[in-house]
Amino acid sequence: MFKSVRFVLAAVAAGLFFLSAPVSASEVILTVDGKIGSSRPVDMSIEDLEALEPKTIVTKTPWHEGDTTFEGVLFADLIDHLGATGETLSVAALNNYYSEIPVEDLRRFGVILAYKQDGAYMPVSDKGPLFVVYPFDEHPELQNEVYYARSAWQVRSITVE
Ligand SMILES: Nc1nc2c(c(=O)[nH]1)N[C@H]1C(S)=C(S)[C@@H](COP(=O)(O)O)O[C@H]1N2
Ligand SMILES: [Mo]
């Protein structure tokens, strides 16, 4: 009886830990396929993303209190790095949310794929490990439902179309 209660508590604790723990640097967190240089899907880790030049956006968002600092890779650099030739990104999140992002947005606004928020890696429980961040404050025309819907968090995979 007590044993099984302890077991349940341990399982719950392990589950909470999993949800709040940052991913390890070499774990695959992003898979990119479609119109890219490689004929096979490309798996990437935080380490792979951090090998690209980091870019920071400080902005308010509908989902955060006050100014938030996001650090990640310039999305345009990432898809250049992968030899992407398509016009649209189909972005899939861990919660099965999908968003379509025109490639044109990436350069025009300097969209980032963020892996850190206020200096810390983002856990899955707080929109991590990857979050599409538009510079909402810098471009007020982004402050509407069109761009909020493109702002996928818990990003897991991208298909270049
Ligand atoms: N991973 C993920 N990202 C997401 C969503 C979602 O359900 N899952 N909802 C999108 C939509 S449609 C909008 S308008 C904004 C705002 O979502 P919220 O109103 O739930 O905060 O987040 C976007 N990003
Ligand atoms: Mo939405």
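Both counts, for ligands and for their atoms, begin at 1 and track the order of listing.
- Residue Y147 forms a side-chain contact (heavy atoms from CB on, under 4.5 Å) with just one option from L142, V132, I101, and that option is L142.
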Step-by-step side-chain contact (heavy atoms from CB on, under 4.5 Å) determination, V103 to R108: CA-CA 9 Å; V103 167; R108 188 154 153 222; over 6 Å; no
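- Partners of D43 according to the salt bridge (charged side-chain N to carboxylate O under 4.0 Å, His left out) rule, which considers only residues two or more places apart in sequence or in another chain, do not exist here.
- Sorted by chain and number, the residues within 4.0 Å of ligand 1 by heavy atom are W63, A93, N95, Y97, E145, Y148, A149, S151, A152, W153.
- In this structure, L94 and G128 approach most closely via the heavy-atom pair CD1-O, 4.4 Å.
- With sequence neighbours left out, S151 forms a side chain to side chain contact (heavy atoms under 4.5 Å, CB included) with W63, F131, Y134, F136.
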Scan the side chains in residues 77-91 for donor-acceptor partners under 3.5 Å anywhere in the protein, sequence neighbours excluded, and list what turns up.
residue	atom	partner	partner atom	Å
D80	OD1	R107	NH2	3.3
D80	OD2	R107	NH1	3.4

